[in-house]
Every structure is written in structure tokens, then in C-alpha cells.
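Note sheet for the following structure.
Residue numbers start from 1 in every chain, and the chains themselves are labelled A, B, ... in the order their sequence lines are given, proteins ahead of strands. What you see below is based on every heavy atom in this structure, not just the backbone, and it leaves out hydrogens, waters and symmetry mates.
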2 protein chains.
Amino acid sequence: MPESPGFAHAAWLMADPARAMMLMALTDGRARPAGELARAAGITPQTASVHLARLHAGGLLAMETQGRHRYYRMAGDHVAQAVEQLAAIRPLPQPARTVVGRKGRLLRHCRTCYDHLAGRVGVLVTRALVYQGFLVAVADKRFEVSRSGATWFSALGIDVDTLRPTRRGIARQCLDSTEREHHLAGPLGRRLLESLCDRGWLRRSREPRVIQVTPAGRQALKRYLGVDPERAASPHGQ
Amino acid sequence: MPESPGFAHAAWLMADPARAMMLMALTDGRARPAGELARAAGITPQTASVHLARLHAGGLLAMETQGRHRYYRMAGDHVAQAVEQLAAIRPLPQPARTVVGRKGRLLRHCRTCYDHLAGRVGVLVTRALVYQGFLVAVADKRFEVSRSGATWFSALGIDVDTLRPTRRGIARQCLDSTEREHHLAGPLGRRLLESLCDRGWLRRSREPRVIQVTPAGRQALKRYLGVDPERAASPHGQ
DNA sequence: TCGATGCTTCGTCCCGCGGCGAACCATCAC
DNA sequence: GTGATGGTTCGCCGCGGGACGAAGCATCGA
């Protein structure tokens with residue numbers, strides 16, 4: 001009668017295709033009503049209701065009632081991070097490589113991960129910030145912001161000192177599921193994405209999670225960070 | 001016909017109790033033969049064989065054949081990270097929620113964990129020690145004490161060099177059950193708690209496990225570590 | 001060569017869980 | 001009030017997959 005480890009339950013909740021689809025639809029951090037999630041998962045409302053109740057009881061989703069609607073959202077970024085971490089586990093590559101469509105390429109290139117920047121652009125930006133000494137990777141999957149980093153961020157209108165740190169600090173290392181390298185997450189990551197969008201350097205696409213780099217953004221990334229995502233080589237060479 | 005997201009498969013592999021037990025047995029990073037894992041999971045060898053093959057194909061485990069034995073180990077650090085991340089997701093404790101009274105709050109705030117400091121204060125102190133570079137989180141759930149750290153501890157009358165290391169070293173990372181973050185354990189953790197009590201900065205309460213921070217202690221924590229536990233944001237405040 | 005050991009494959013049983021239709025409950029509009 | 005809409009609960013069905021016994025395959029020791 002070996003008791004199953006605690007993580008098995010959370011894993012079980014994520015394992016079902018319908019539940020996984022709903023979690024996927026919530027990766028942007030926004031809250032959605034149950035019906036919309038049912039449609040996103042391709043199941044009937046009553047089935048979705050059971051799933052959502054389980055995800056809620058399991059601590060994966062937070063729920064808020066508004067009138068006759070029930071809005072669900074991720075219970076926290078630790079859940080989103082678990083999803084990302086799981087997505088980084090890839091089955092042994094069988095002979096054929098999967099065909100990636102246009103949308104897949106766009107997502108790989110630049111997307112949001114919960115509430116911050118991810119994909120190749122997210123990784124390149126983070127890598128540059130570390131390379132320039134603005135961020136320092138420290139223990140416990142965190143980043144530390146250096147003095148020069150604080151100055152750099154303030155040039156973007158981000159006052160690092162006024163950011164409210166969460167339990168896990170102000171800047172976290174989040175494993176990018178497609179690039180298999182860390183990108184910037186946490187309050188600072190969220191604020192950075194916000195700021196880049198405000199400046200018109202990045203633009204949210206109509207497709208969920210897809211982010212576009214504007215021409216002005218491309219110039220700015222090159223100038224301020226020496227990053228040119230269009231020309232960067234793919235990380236996983238083969 | 002929505003295709004289920006990629007992470008669902010990895011989650012499914014972790015969701016089964018037997019597979020979870022085997023993964024658990026491999027969290028130390030060492031390789032173990034199939035039979036031993038079967039025993040650890042409490043299942044027959046033939047059942048374990050199927051599970052292990054799936055975990056291997058799914059990219060969670062690496063396999064190595066030696067003679068008639070087959071050794072399995074974690075496929076990489078990213079798998080262990082995913083397990084940890086999932087373990088951090090806890091179902092919301094419905095009944096206990098309302099029962100968390102004064103004593104519960106006190107325990108959450110500051111308590112002993114076996115022989116060392118835990119709770120919010122324990123985590124904040126540890127976080128500060130890492131942030132200041134006195135402790136460095138290294139592999140195998142250990143902390144290393146830096147040069148500056150040794151100096152800092154000696155100012156508290158703790159001679160790091162004379163501490164008798166156990167099998168797992170002198171300073172361990174212990175996952176805090178309420179804060180979901182590591183705090184300092186091991187001989188150094190024990191000694192630190194002892195020292196803070198001796199100086200009158202902390203005081204054991206009459207209730208078991210509860211620790212009180214004295215006014216002098218609050219001042220000292222702020223001065224020496226920049227930590228003010230009374231003002232720190234609530235851990236589970238979203 | 002022969003038996004012992006470690007692991008896998010095959011065949012079979014059966015429980016758990018996801019799915020939907022129908023009915024029920026709550027809120028909003030009028 | 002009535003009807004409409006969003007969400008949940010109930011009941012039943014079907015299937016996927018996890019369990020083990022038995023048999024098969026490979027390697028080691030003598």
C-alpha cells in the first residue's frame with residue numbers, strides 16, 4: 001500500500017486532454033468563463049464543469065463568481081511554471097520530425113508565457129540582459145538586478161525598486177519550453193513585456209499568445225541589447 | 001478534434017501512482033536497476049517493465065544496459081525540476097481553511113522544523129542569506145557557505161569550520177511546508193537557531209514549535225539581513 | 001552445457017474515469 | 001411573475017490502461 005507521491009495528483013489533473021486544453025487556454029494569465037473554456041477544449045459544458053471543479057479543488061485554478069458567470073484563471077504563476085516545465089520534457093525523437101505550421105513558427109519565435117515574454121525573442125532578450133550584466137542568474141532560479149541593470153530598466157520607465165516582489169522574488173528564471181533555455185519571468189518580466197508593448201516595440205497578435213516585433217521594436221532591440229531576432233540562428237541546430 | 005497539448009503526455013506519465021513512486025525513488029539522480037524500482041513501487045517486475053519503457057520513451061528516464069541489468073535514471077535536471085514544480089501545487093485545504101486560528105498563523109509565521117528555523121521567518125532569513133551571498137544553493141539540496149558567509153556567521157559566534165558535518169553536509173535545503181520555498185537546515189541551521197535564541201532575538205513559545213521574534217530580534221534581523229518579517233507580504237496572497 | 005537470474009512480451013481481466021443527455025439551480029432581462 | 005442563459009448534478013455507457021500469470025529472451029556463473 002505505497003502511498004502515491006503528492007505530485008502525482010497535480011500531474012493527473014494536467015494529464016487529461018480536455019483539462020490540458022483548458023489550462024493551455026489560460027496560459028496568458030487572464031480569467032475566462034467556464035463556457036468559453038468548454039468550447040476551447042471541445043467538450044460540452046457539463047463535462048467541462050466537472051473538469052474545472054477538479055482543477056479548482058486541486059489548486060491549479062482560481063475561481064471567481066460574477067453574476068451567473070464563473071471565471072477561472074491560473075491559481076498562480078507556479079502553476080504556469082509547472083506547465084512550462086512539463087512542456088520542456090520531450091519524448092525521445094522518433095525518426096520523423098514534426099511539421100510545424102505557420103502559427104507554430106510564430107509561437108516559437110515570440111509569444112507570451114503566462115504574463116511575460118517567451119519564445120526565441122524572450123530567450124534572446126534575457127540572454128542579452130545577462131550578457132550585459134544587467135541581470136545576474138543566482139540560486140533558486142532567480143535573477144538579481146544589478147546597479148547598471150536598474151539604470152537600464154529605468155530608461156524604459158521601469159522602476160525596479162517599486163516592483164512588488166512575490167514570494168519568489170522580483171525576477172525569476174523560467175524555462176522556455178521551445179528554446180530550453182531560461183527567460184525572464186516574475187514581476188519584472190511582466191513589467192518588461194508591458195513596457196515593450198506600451199512603446200510599440202512589441203504588439204499582441206490576434207492569435208492568442210503570439211507576439212509580433214514591430215520594425216521600431218527590431219531597431220530598438222538591436223540598439224539597446226544588440227539583439228536581432230530575425231537573424232539569430234536557431235538554438236537547436238539540428 | 002483538438003490535439004492535446006504536449007505537456008499532457010509528460011503529465012500523464014507522472015500521474016500514475018506506480019510511475020510516480022519510481023520517479024520519486026530516482027530523485028537523487030542515481031541510477032537504479034528495474035527490479036529495485038519495481039520493489040520501490042510495490043508492483044511486479046513485468047508491470048514495472050511496461051512503466052519504465054513508457055517513461056523512457058517519454059523522455060523522462062535515461063536507460064543504460066549493463067549485463068542483464070537495466071539501469072534507469074532521470075533523463076536530466078529538467079525532469080527533476082518538473083517534479084518539484086508539480087509538488088509545489090497543493091490542493092486547497094477546504095476544511096482546514098477556517099480552522100487556521102491564532103496558533104496556525106503563529107506556526108506559519110515562525111516555527112521550528114525539527115531543530116531549525118522554519119515558517120515565513122525561516123524562509124525570509126534563508127532568502128536573505130542567499131541574496132547577500134553568504135550561502136550559495138548548490139546541487140543535491142545543499143548550501144555552501146561562502147567566505148563572507150563564514151565571517152557573517154562568526155559574528156554571531158558560530159564557527160562554521162568546527163561544525164560537524166553529517167552525511168549530507170553542513171547546510172541543507174529543506175523545503176518549507178507552508179512557504180513552499182527552501183529554508184536552512186542541517187547542523188548550521190540548528191546552530192543558527194540556537195544562536196538567535198541565545199541572543200534573545202528569538203524566543204521559544206510555550207506552545208510547541210512556535211517561535212517568537214522579540215523586538216530586539218526584529219531590529220537585528222532588519223539590521224543584519226534587511227529582513228522585516230512583520231512587513232513582508234503574505235506568501236499566499238495572490 | 002545447464003540452471004539461475006533479470007527483464008520483457010503476451011494474454012486476460014476489470015476498475016476508473018471521461019463522455020454525454022437530461023434534469024436541476026441560479027442569475028439576468030423584461 | 002416568465003423565459004432565457006450559464007453552470008452544475010445525476011445517471012448511464014464505453015473504453016483505455018493498469019494489474020498479474022505465464023511464457024519467452026538474454027546474460028551470468030559453474
Task: Length of the line joining B:I43:CD1 and C:dG6:P, which is rounded to integer Å - done: 17 Å

TODO: Tell me which nucleotide among C:dT9, D:dG18, C:dG18 gets nearest to the side chain of B:V50.
DONE: C:dT9

Open item on the list: Using OP1 and OP2 only, check whether a side-chain N or O of B:H51 sits under 4.0 Å from D:dG17.
Closed with: no

Open item on the list: Show the nearest heavy-atom pair for residues A:I89 and B:G58, with the distance to one decimal.
Closed with: CG2-O, 3.7 Å

Task: Nearest-angstrom distance from the residue atom CG of A:D16 to P of C:dG16 - done: 17 Å

Task: Between C1' of D:dT8 and NE2 of A:H69, the distance in whole Å - done: 15 Å

Open item on the list: Which label fits B:H69 and B:Y71: parallel for a plane angle under 30°, tilted from 30 to 60°, or perpendicular past 60°?
Closed with: tilted

- [ ] Looking only at non-hydrogen atoms, find the nearest pair between A:A82 and A:M14 and report the distance.
- [x] CB-CE, 4.1 Å

Open item on the list: It should be established whether B:T47 places a side-chain nitrogen or oxygen under 4.0 Å from OP1 or OP2 of nucleotide D:dA19.
Closed with: no

Open item on the list: Strictly below 4.0 Å: does B:T44 bring a side-chain N or O up to OP1 or OP2 of D:dC20?
Closed with: yes

Task: Closest to side chain of B:A34, choosing from C:dG18, C:dC7, D:dA19 - done: C:dC7

Task: Atom pair distance, as rounded to whole Å: CG in B:L37 and P in C:dT8 - done: 10 Å

TODO: Provide, to the nearest angstrom, the distance between the CE atom belonging to B:M63 and the C1' atom belonging to C:dC7.
DONE: 10 Å

- [ ] Would you indicate whether B:M74, at its atom CE, is surrounded by more than 12 heavy atoms from other residues, nucleotides or ligands within a distance under 6.0 Å?
- [x] yes

- [ ] To the nearest 0.5 Å, tell me how far B:Q85 CD sits from A:Q85 CD.
- [x] 6.5 Å

TODO: Would you kindly give the CZ-to-P distance between B:R19 and D:dA19, to the nearest whole Å?
DONE: 8 Å

Open item on the list: By the 4.0 Å heavy-atom rule, please label B:Y72 as base, sugar-phosphate, or nothing.
Closed with: sugar-phosphate

Open item on the list: What I want to check is whether an N or O donor and acceptor connect the side chain of A:Q46 with the base of C:dG21 at under 3.5 Å.
Closed with: yes

Task: Selected nucleotide, minimal atom distance to A:P33 side chain, candidates D:dG7, C:dG18, D:dA19 - done: D:dG7

TODO: Measure from CZ on A:R70 to P on C:dA26 and round the result to the nearest Å.
DONE: 11 Å

- [ ] Could you state the atom-to-atom distance from CE of A:M14 to P of C:dG18 in whole Å?
- [x] 15 Å

Task: C:dC17 OP1/OP2 closer than 4.0 Å to side-chain N/O of A:R54 - done: no

